[in-house]
Protein chains: 2
Amino acid sequence: MSARDLQERIKKLIIDRRLPSGAPLPTEPELMAHLGASRNSVREALKGLQAMGIVEIRHGFGTYVGTMSLAPMIEGLAFRTVAGHYRGEDTLLQLLQLREAVETGLVSRLAGRVADADLVELDALVDRMEEQAAQGGDGIAETDRAFHATLYRGLDNALLGEVMEAFWDAFHRVHTDLGGTPQDPLVTCRQHREIVDAVRSGDAIRAEGAISEHFGNIRARVSTTGTQHPHRCHNERV
Amino acid sequence: MSARDLQERIKKLIIDRRLPSGAPLPTEPELMAHLGASRNSVREALKGLQAMGIVEIRHGFGTYVGTMSLAPMIEGLAFRTVAGHYRGEDTLLQLLQLREAVETGLVSRLAGRVADADLVELDALVDRMEEQAAQGGDGIAETDRAFHATLYRGLDNALLGEVMEAFWDAFHRVHTDLGGTPQDPLVTCRQHREIVDAVRSGDAIRAEGAISEHFGNIRARVSTTGTQHPHRCHNERV
DNA sequence: GTGTATTTGTTCGTATGTATT
DNA sequence: TAATACATACGAACAAATACA
């Protein structure tokens with residue numbers, strides 16, 4: 001029995017039994033019996049499914065249905081970007097342009113349609129960002145991530161939100177691992193404030209412009225990154 | 001040595017040696033020596049990397065750096081959508097809305113900026129689509145895929161194009177595997193023709209409307225899918 | 001805290017299938 | 001056809017982590 005077929009049969013098992021995220025999978029001996037394969041083959045199949053986020057393996061505890069998060073997609077995107085970067089391709093810039101193209105389109109649909117509760121949360125996030133900027137910019141990245149996540153929550157599509165977060169994560173990880181120059185915190189704060197105000201005003205054109213300016217700022221930093229060499233592996237942990 | 005560390009070290013090996021896609025990786029015995037791990041551990045690590053598209057394993061031939069395509073992302077998205085569907089979630093609709101939100105934003109940026117060569121190719125694709133519609137609709141899906149791919153080629157971002165194709169593939173596979181009702185070929189042709197004309201005219205609003213109407217048509221078919229049961233596994237081969 | 005059972009992690013040895021020469 | 005190199009698969013054993021009595 002080939003490992004590829006085993007993966008398909010395990011996926012089919014999850015579908016057929018309607019197993020939700022976190023539900024326990026049969027143990028390795030049980031899977032061996034059910035699939036008629038050796039333990040090594042079963043384990044290799046599970047390793048592949050684990051890499052795709054379909055199953056989660058806990059040492060000494062058991063195997064469970066994974067959270068189906070987009071973490072593997074981030075992993076793949078990040079590696080693809082780093083590998084291409086070192087081969088002289090502008091992959092990091094492409095990744096940024098992907099985010100910009102998608103976010104400018106989304107924010108115009110979002111203008112004037114964000115719930116009041118989300119708007120005050122966005123205000124609070126920019127406030128916090130300003131505090132962090134005043135104190136050396138520590139933790140400002142996480143606030144930026146929360147800002148974008150909160151912004152696109154208004155589109156009422158969990159999948160869309162996750163995809164946007166995945167793009168953000170992939171870009172951020174590659175950018176930092178490649179030793180990209182951080183942005184000016186004060187400029188970043190001002191641009192995020194403008195995004196909130198633009199969305200609140202309901203002016204789609206203005207909102208698009210705000211996003212565009214924000215990304216233009218980031219792009220300037222990316223272009224100067226050049227072909228630096230990192231001192232560490234491009235990532236170390238999920 | 002844990003399997004997770006092994007994966008990171010193999011990725012680091014690819015980065016450090018600047019291995020391009022298709023380049024041969026060290027054989028399993030060489031990796032065993034280089035990483036100081038047993039064959040089984042090396043194999044499990046490679047299986048995980050294979051699932052992420054980072055390496056490609058050819059039976060009896062060798063291991064190579066993968067094409068870094070987004071195929072694993074399609075795999076993950078498709079499974080996540082199918083699994084959620086059977087748990088009563090509207091995941092297929094969410095996936096469609098993701099495509100709609102992103103594509104409407106992109107097409108407005110695209111209006112009036114598509115190269116003439118691409119426009120004539122889009123025309124030809126719709127012509128072909130009409131032929132196929134007249135002959136029972138066979139192969140019309142592949143033409144639709146090519147249409148969207150050609151459309152977003154004008155944005156001059158290979159990554160963006162691949163992501164859009166990945167979303168299309170994931171949706172199409174899930175929709176067919178779930179036994180979704182196919183659309184009326186004639187309506188589909190008319191809507192694609194309108195998209196081309198709208199983009200050619202340079203009217204961003206009209207282009208957005210054309211895309212929106214197209215997706216509205218698909219959405220109507222998705223909503224009626226309900227909770228059907230497939231007769232086969234949700235997929236069978238990459 | 002200890003001990004035991006369960007489960008996954010790792011290793012070795014061996015045999016088989018596949019592609020190149 | 002034969003030889004070689006490689007990935008694939010299986011089985012058995014031990015190690016490590018976790019849970020529970």
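Order of the sequence lines fixes the chain letters, A, B, ..., with proteins taken first and strands second; residue numbering starts at 1 for each chain.
Counting to the nearest Å, the P atom of D/dG11 and the CZ atom of A/Arg43 are 16 Å from each other. When the C1' atom of D/dA9 is taken as reference, atom CG of B/Asn40 falls 10 Å away, rounded to whole Å. Distance CD (B/Glu28) to P (D/dC6): 10 Å, rounded to an integer number of Å. Note: CD (A/Glu44) to C1' (C/dT8) measures 15 Å, nearest angstrom. With rounding to whole Å, B/Leu35 atom CG is found 14 Å from C/dT10 atom C1'. Distance CZ (A/Arg39) to C1' (C/dC12): 14 Å, rounded to an integer number of Å. Spacing between atom CG of B/Leu31 and atom P of C/dT11 amounts to 14 Å, rounded to whole angstrom units.
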Which atom pairs, donor and acceptor, lie under 3.5 Å between side-chain atoms of residues 88-95 of chain A and protein residues at least two apart or in another chain?
unit_1, atom_1, unit_2, atom_2, d
A/Thr91, OG1, A/Thr81, O, 2.6
A/Thr91, OG1, A/His85, N, 3.2

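Of the candidates C/dG9, C/dT11, D/dC10, the closest approach to any side-chain atom of A/Ala37 belongs to D/dC10. When the nucleotides D/dG11, D/dA7, C/dT10 are ranked by their closest atom to the side chain of B/Ser38, C/dT10 comes out on top. Side chain of B/Thr27, nearest nucleotide from C/dT8, D/dT8, D/dC6: D/dC6.
Partners of B/Arg128 according to the salt bridge (Lys or Arg N to Asp or Glu O under 4.0 Å) rule, which considers only residues two or more places apart in sequence or in another chain, do not exist here. Every residue meeting the side-chain hydrogen bond (donor to acceptor under 3.5 Å, both in side chains) condition with B/Asp144, not counting sequence neighbours, appears here in chain and number order: B/Trp168, B/His192. By the ring-ring contact (aromatic ring centres under 6.0 Å, His included) test, A/Phe171 is found to be paired with A/His175, residues two or more places apart in sequence or in another chain being considered.
Between the A/Arg221 side chain and the A/Gln183 main chain, no donor and acceptor come within less than 3.5 Å of each other.
The phosphate of D/dC10 (OP1 or OP2) has a side-chain N or O of A/Ser41 nearer than 4.0 angstrom.
Residue pairs meeting the salt bridge (Lys or Arg N to Asp or Glu O under 4.0 Å) criterion with at least one member in residues 54-71 of chain B, sequence neighbours excluded: B/Glu56-B/Arg58.
Using a 4.0 Å cutoff on non-hydrogen atoms, the parts of residues 54-68 of chain A near DNA chain C are A/Ile57, A/Arg58, A/His59, A/Gly60, A/Phe61, A/Gly62, A/Thr63, ordered by number.
Of all heavy-atom pairs spanning B/Pro185 and B/Ala133, the tightest one is CB-CB, 3.5 Å.
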